[in-house]
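Reminder, nothing fancy here: chain letters follow the sequence lines and each chain counts from 1.
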Amino acid sequence: MRMTVLHAPTLRDAPREAEVVSHQLLVRAGYIRQLAAGIYNLLPLGLRTVSRIARIVREEMDGAGAQEVLMPAVQPAELWQESGRWQKYGPELLRLKDRKGNDFCLGPTHEEVIVDIVRSDIRSYRQLPVNLYQIQAKFRDELRPRAGLMRGREFMMKDAYSFDVDEAGATRSYEAMYAAYERIFTRCGLDFRAVEADTGNIGGSLSHEFQVLAETGEDAIVSCDSCQYTANVELAAIGGLPGPWQATGATPAPEPVSTPGKRTIEEVCAFLSVPPDALVKTLVLEVDGSPWLALVRGDRELNLIKARKALGATELALAGDELVRSVTGAPTGFAGPVGLEVPVLADPEVMAMPAAVTGGNAADLHLRGVVPGVHFAATRSVDIRMAEDGDRCPRCDGHLRAFRGIEVGHVFYLGTRYSEPMGCTFLDQEGKERPMEMGCYGIGVTRIMAAAIEQNHDERGIVWPLPLAPFQVIVIPLAKPEEPIWEAAESLYDQLRAQGVDVVFDDRRDRPGAKFADADLIGFPLQIVMGKRTFDAGQAELKDRASGETTLVALDDLAAEVAARISAAPQ
RNA sequence: CGGGGCGUAGCGCAGUCUGGUAGCGCACUUGACUGGGGGUCAAGUGGUCGCAGGUUCAAAUCCUGUCGCCCCGACCA
């Protein structure tokens, strides 16, 4: 491809709305352009990169025994009503009507459609297992799309669905996908972790997210520094939980203290000159319609997902101001567990406190010297706080380290969540009808492109892992078209193309600086510069974008050297 | 959905408070010089100032409405 032909509109300045580095660089380097909030055009460079990722995904999926299909983006409401998700999914599901007034939606995922495919034609255990996947645009009407391709509304996703006769088979399918995912992300040159994840309201027992480690990631994850335990903080358990404090001797009644207008932990701490870990944070929860108190130490954060699991609840949310007032008799900011007839869910750390400051359940009032277990009792005492850097590992004696990650893949063991209500069944060896055991496996293909940049860039631009680069090589002649240098560069370009190398020839009449700047911005992994300095000695410069190292190579050896570098890189 | 911000040339911005010829940098076009990290000089092209209504002799600027975009939070996985 000649640079004068390639539609790669580079910009010196990033548009104002681009904040995260991957978004800025993708726009500046001419890979993408925004069409609407969370909706992007992929320009030639962007599409080439996405195609590279898709190729790797296909090879590994096919290798793991999955078969590619392509399902429609527009799906009829009936299927979603069968699974119950037409009601449940909420506004993220973009619904539309056709000219006859029938309801449809733009697929945010394809469980319903795949189940329909499989139940239509698979009847016997002899036809199982089967694993079907597609690479296709998904649409989710996100409340707030953000960060360019990292959280768009329309995006490319690989989604695979496995169907097995029993749990053992489904587990094998799950493990095969897990292994394929590790190969995919490794081949993409990403630094990633597989982490234990929340299964959300999809249910099921097994779920792993594949997280690319990056400061700008949306997800917080913790990883043990001595064993393999890695989990999303949403469900990360905490080890070494303390036992309850055993009060000895007399425990005087709590002392009321006036705290006018001091609602937050910081305000109360400053006012009473006590550290945050001497406070109990009391949160009013609405749990399946009834109120609960949740207690964590003042320096900790409540984990709503852990609280929901601890109580086996379906719906659990922080109470609104009104409910807080009716439960505690005080405005928000002054809630406490003492003297209330509401069930209490307390973190073990709270019950281990010898004395604490709590809210006084009256405006401008707190209590000092509250002894957990004496002045109030816990209905349940379980780990409900958010894991933090430095916490003990739940599996060993190690400690948890905090990271941020970008979720690029997710594997779920679904069970019969969809097959059962939608009648996706087969006849087993005894002739008995049974629902299939399902798994689903997603990869954010366009998100990988963004995540790879978050992880691989410098002040000049993108530093692609070679397998993802839209082009592997750029040939930059520093000369005029009629000069011998130009001709030599052009013939090298032809030679590389003939070798099957994806190469760009920078035939623009620009100054060297502009060419170098664009080459680095776009992120060509290998850059060949042919100029007067080296040409007379029969050499050219071969620059490695990632390391910045430049080596002099004899003109005759260039094509072979490039081929060697490409085949040396992981494919 | 709550809070904040922004819509002026392809991109980045000034001008808006205090109404009076729509500007700057980059990019783009032409020419000359130049030629190893975004060059210099000269001459140019390009804008219904997001949209609609109102006030006014006069609106980018004031008023009302509306649409779009971004950020934080909540939400979602």
Side-chain angles (χ1 to χ4, degrees), chain A residues 7 9-20 23-24 27-30 33-40 85 88-93 108-109 111 138 140-148 150-153 155 157 159 195 197-204 207-211 216-220 232 234-235 304-305 315-318 320-321 405-412 440-444 447 459-461 476-481 483 485-486 506 508-522 527-535 540-541 543 548 550:
Chain A
H7 183 61
T10 57
L11 300 173
R12 202 178 281 223
D13 303 302
R16 179 179 30 206
E17 64 266 18
E19 289 237 327
V20 299
H23 189 192
Q24 291 176 342
V27 174
R28 277 190 58 209
R33 286 292 184 265
Q34 179 167 344
L35 184 63
I39 301 177
Y40 293 85
R85 290 208 291 185
K88 276 193 190 163
Y89 215 93
E92 210 176 286
L93 183 66
T109 174
E111 278 85 4
K138 293 278 182 283
R140 296 181 184 172
D141 200 359
E142 294 278 350
L143 215 44
R144 189 157 91 71
R146 69 186 100 182
M150 299 239 277
R151 182 164 290 259
R153 291 194 291 175
F155 55 95
M157 181 169 167
D159 46 324
V195 315
D198 181 38
T199 48
N201 43 24
I202 295 183
S207 173
H208 286 86
E209 288 170 350
F210 288 78
Q211 296 274 359
T216 45
E218 286 188 288
D219 292 308
N232 195 306
E234 289 178 347
L235 95 165
L304 287 173
I305 292 172
E315 296 280 331
L316 183 145
L318 282 177
D321 288 355
I406 301 165
E407 181 187 348
V408 292
H410 203 152
V411 291
F412 272 106
C440 74
Y441 319 93
I443 288 181
R447 191 183 271 187
E459 60 292 338
R460 292 185 211 274
I476 304 174
L478 301 182
K480 293 184 180 135
E483 295 180 47
I485 291 177
W486 185 283
D506 194 348
R508 296 176 301 176
R509 308 282 303 264
D510 277 305
R511 301 177 60 86
K515 293 186 175 188
F516 296 150
D518 274 343
D520 287 344
L521 177 61
I522 290 170
Q527 304 174 5
I528 296 167
V529 178
M530 294 179 73
K532 289 187 188 62
R533 282 187 191 169
T534 58
F535 187 74
E541 290 155 60
K543 176 179 145 184
T550 297

With P as the reference atom in both, quote the distance from B/G38 to B/G50 in angstrom, rounded to an integer.
36 Å
Nearest-Å distance for atom pair CD1/C1', residues A/I406 and B/A77:
15 Å
Side chain of A/D219 (C-beta onward), nearest among B/C69, B/G36, B/A77
B/A77
Who does B/C33 pair with, Watson-Crick or G-U, both distances under 3.5 Å?
B/G39
Nearest to side-chain heavy atoms of A/R12, which nucleotide of B/G36, B/G38, B/U8
B/G38
Donor-acceptor pair (no angle test) under 3.5 Å: A/R151 side chain, B/C76 base:
yes
Rounded distance (Å) that lies between atom P of B/A9 and atom CG of A/D13
14 Å
Give the intermediate values and the outcome of side chain to side chain contact (heavy atoms under 4.5 Å, CB included) for residues A/R447 and A/E407.
CA-CA 8 Å; A/R447 191 183 271 187; A/E407 181 187 348; 3.8 Å; yes
What about A/D510: does its side chain form a donor-acceptor pair under 3.5 Å with the base of B/G38?
no
What's the CD-P distance between A/E407 and B/C76, to the nearest Å?
15 Å
Tell me: CZ of A/R16 to C1' of B/G7, nearest whole Å?
7 Å
On a plain distance test, is the side chain of A/K515 in donor-acceptor contact with the base of B/G37 below 3.5 Å?
no
Which part of the nucleic acid does A/R146 contact within heavy-atom distance under 4.0 Å: base, sugar-phosphate only, or nothing?
base
Sidechain N-carboxylate O distance under 4.0 Å for A/E111, A/R85
yes
Rounded distance in Å - NZ (A/K532) to P (B/G36):
7 Å
Base partner of B/A59, which must satisfy Watson-Crick or wobble distances under 3.5 Å:
none
The side chain of A/R511 is closest to which nucleotide in this list: B/G35, B/C11, B/G36?
B/G35
Calculate the interatomic distance between A/D518 atom CG and B/A27 atom C1'; express it in whole Å.
12 Å
According to the Watson-Crick and G-U wobble definitions, with both distances under 3.5 Å, which nucleotide is paired to B/C1?
B/G73
Which part of the nucleic acid, if any, lies within reach of A/A14 when heavy atoms closer than 4.0 Å are counted: base, sugar-phosphate only, or nothing?
sugar-phosphate
Classify the side chain of A/K543 versus the base of B/G36 as yes if they form a donor-acceptor pair under 3.5 Å and no if they do not.
no
For A/Q34, which contact category applies under a 4.0 Å heavy-atom criterion: base, sugar-phosphate, or nothing?
sugar-phosphate
Nucleotide B/C6, atom P - distance to CD of A/E17 in whole Å:
15 Å
Among the nucleotides B/C75, B/C70, B/G36, whichever has the atom closest to the side chain of A/E19 is B/C70
Which value, in whole Å, describes the distance between the P atoms of nucleotides B/A32 and B/C17?
47 Å
Rounded interatomic separation in angstrom, taking CD1 from A/I485 and P from B/G36:
11 Å
Under 4.0 Å, counting only non-hydrogen atoms across every strand here, what does A/A517 touch: a base, just sugar-phosphate, or nothing?
base
Could you please name the option among B/G36, B/C70, B/G35 that lies closest to any side-chain atom of A/P512?
B/G36
Side-chain N or O of A/R28 less than 4.0 angstrom from OP1 or OP2 on B/C11?
no
May I ask you to say what A/P145 touches in the nucleic acid, namely base, sugar-phosphate or nothing, with a heavy-atom cut-off under 4.0 Å?
sugar-phosphate
When we call it a touch if two heavy atoms are under 4.0 Å apart, what does A/R33 touch: a base, just sugar-phosphate, or nothing?
nothing
Tell which nucleotide pairs with B/G25, taking only Watson-Crick or G-U wobble pairs whose two distances are both under 3.5 angstrom.
B/C11
So what's B/C17 paired with, Watson-Crick or G-U wobble, going by both distances under 3.5 Å?
none
Any residue meeting side chain to side chain donor-acceptor pair (under 3.5 Å) with A/R151, in chain and number order, not counting sequence neighbours:
A/E142, A/E218
From the options B/C11, B/G38, B/G37, select the nucleotide whose nearest atom is closest to the side chain of A/A514.
B/G38
Taking a pair to mean Watson-Crick or G-U wobble geometry with both distances below 3.5 Å, B/U66 pairs with B/G50
Looking only at heavy atoms, the pair that brings A/A479 and A/W486 closest together is O-CE3, 3.4 Å
When we call it a touch if two heavy atoms are under 4.0 Å apart, what does A/A519 touch: a base, just sugar-phosphate, or nothing?
nothing
